[in-house]
Amino acid sequence: MTPNSVADLTEQVLSGRFGADGAKVSVGFLTKQGVRHADRAQAYRNHVLSLRVEDAVGSCAVEPGEVPEEVVLGCIGTPVRELLRSPLPAVRVAALDAYLQWLRPHHDHAEEVAIGRGNSLQKSLHRAESVVDLLPRSRRVLVVGVVNSLLHHLRERGIGYVACDFKGGETEWGEPIATDAVAALDGCDAVLASGMVVGNGTFQPLLDHARATGKPLVMFAQSASGILPCFLGGGVTAVSAEPYPFFWLDGGPSTLYRYRTEVR
């Protein structure tokens, strides 16, 4: 049964629907990244909490300082069931993400896509092209979680967009970035959203809108890559799942996994 929300999915896990009760986190770590691609004017900064359950690593993007080191260390050796009740959303998301990836490995359920080696911009553009390919024909797309390489490919294809991000500011092309995704929904016929929305609590309005209107909702997920496929066919149209290690960690080949509703 498709869950109604991330909280609903969590309750399904706690009730034993997925089995494997007693799983524990063995490794926890924070990844702090900054990048400015060659020939790009803007820089990015990302902080990510990651937790390992057996052979799977789940992740959730966080704001700098949101998750102290002692919290990360406190996750080690802790049962997933306990972490799913943590007061910190990032801990709950990373633990749920790892648990679901362990039980439902991406390579068993999705199309594997190789991102070739290259410099940071080359890999970013290759990954973005693979993500944008998941969008159905659209006139105007709401992009939640601005990645300029995604916008680059939308522009190349002549697809209009509204860029939206909590941080605001401007895109690489000087376009204003909206900060209220919900307010922009009615003016777009598709949504392309980062998995970060699961960790910051803004996924549910996007999901509810997609269910109510039938608009395509495509997710590109480093955060919550194992969580979002559970919503396929229940509001989510497609998912580009990119579990740790992420494409930006080095210049070598990396992998992402594409889910579409019909291949669930």
Side-chain angles (χ1 to χ4, degrees), residues 1-21 23 48-49 51 53 56 58-63 66-67 79-104 106 109-110 134 142-145 164-166 179-186 188 190-243 257 259-261 264:
M1 183 175 64
T2 304
N4 294 316
S5 64
V6 174
D8 184 26
L9 177 60
T10 301
E11 288 305 314
Q12 290 181 12
V13 169
L14 290 171
S15 69
R17 177 193 166 191
F18 292 86
D21 196 21
V48 182
L49 168 67
L51 301 176
V53 175
S59 299
C60 183
V62 297
E63 292 299 319
E66 181 181 344
V67 179
V80 170
R81 292 184 64 88
E82 184 175 327
L83 295 178
L84 292 181
R85 297 186 174 95
S86 169
L88 292 178
V91 171
R92 298 196 301 269
V93 170
L96 181 62
D97 190 29
Y99 177 83
L100 291 172
Q101 286 188 61
W102 170 45
L103 295 181
R104 292 175 50 85
H106 291 307
H109 297 275
L134 290 170
L142 174 61
V143 181
V144 184
C164 185
D165 197 288
F166 272 157
T179 57
D180 187 347
V182 174
L185 282 168
D186 289 337
C188 299
V191 179
L192 179 62
S194 166
M196 292 181 182
V197 298
V198 176
N200 66 24
T202 58
F203 172 57
Q204 194 63 42
L206 303 179
L207 183 67
D208 291 343
H209 183 81
R211 286 173 169 166
T213 64
K215 289 181 185 178
L217 172 57
V218 176
M219 307 297 302
F220 58 100
Q222 293 177 342
S223 295
S225 77
I227 295 171
L228 289 164
C230 295
F231 294 89
L232 283 167
V236 171
T237 308
V239 179
S240 173
E242 187 183 350
Y257 301 87
Y259 293 80
R260 294 176 173 88
T261 304
R264 187 182 180 192

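- Considering all non-hydrogen atoms of both residues, Cys188 and Ala184 come closest at SG-O, 3.7 Å.
- Looking at Leu134 and Phe220, their side chains never come closer than 4.5 Å, going by heavy atoms from C-beta outward.
- Nearest approach of Ala221 to Leu228, heavy atoms of both residues: CB-CD1, 3.6 Å.
- Between Phe18 and Tyr99, the ring-plane angle classifies as perpendicular under the 30° and 60° cut-offs.
- A donor-acceptor contact shorter than 3.5 Å links the side chain of Ser223 to the backbone of Ala61.
- Across every non-hydrogen atom of Ser194 and Gly145, the tightest pair is CB-CA, 4.3 Å.
- Nearest heavy atom pair, residue Val93 against residue Gly199, reads CG2-CA, 4.2 Å.
- The CG atom of Asn200 sits 8.5 Å away from the CD atom of Glu63 when rounded to the nearest 0.5 Å.
- Counting only distance, with no hydrogens or angles, the side chain of Thr179 and the backbone of Asp165 share no donor-acceptor pair below 3.5 Å.
- A 4.5 Å side-chain heavy-atom check between Leu142 and Val144 finds at least one atom pair inside the cut-off.
- Residue Val53 comes nearest to Ala98 through the heavy atom pair CG2-CB, 3.7 Å, listed as atom of the first residue, atom of the second, then distance.
- The salt bridge (charged side-chain N to carboxylate O under 4.0 Å, His left out) test applied to Arg81 returns Asp21, not counting sequence neighbours.
- Atom CD1 of Ile227 is separated from atom SG of Cys60 by 8.0 Å, given to the nearest 0.5 angstrom.
- The CG atom of Leu100 sits 9.5 Å away from the NE2 atom of His106 when rounded to the nearest 0.5 Å.
- Annotation: the span from Thr10 atom OG1 to Arg85 atom CZ amounts to 10.5 Å, rounded to 0.5 Å.
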Might you work through the side-chain contact (heavy atoms from CB on, under 4.5 Å) test for Leu206 and Leu185, ending with a clear yes or no?
CA-CA 8 Å; Leu206 303 179; Leu185 282 168; 4.0 Å; yes

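- Interatomic distance, OG of Ser240 versus OH of Tyr259, reported as 10.5 Å (0.5 Å rounding).
- When atom types are taken as modelled, the side chain of Thr2 and the backbone of Phe231 share no donor-acceptor pair closer than 3.5 angstrom.
- For Glu82, the side-chain hydrogen bond (donor to acceptor under 3.5 Å, both in side chains) test picks out no residue, with sequence neighbours left out.
- The nearest pair of heavy atoms linking Asp8 to Pro3 is OD2-CA, 3.3 Å.
- One distance of note links OG of Ser5 with CD of Gln204; it measures 5.0 Å at 0.5 Å rounding.
- One N or O on the side chain of Asp97 and one on the backbone of Ser225 form a donor-acceptor pair closer than 3.5 Å.
- Contact of the His209 side chain with the Asp186 side chain is registered, since non-hydrogen atoms from C-beta on lie closer than 4.5 Å.
- With contacts defined as side-chain heavy-atom distances shorter than 4.5 Å, the pair Leu49/Leu88 does not qualify.
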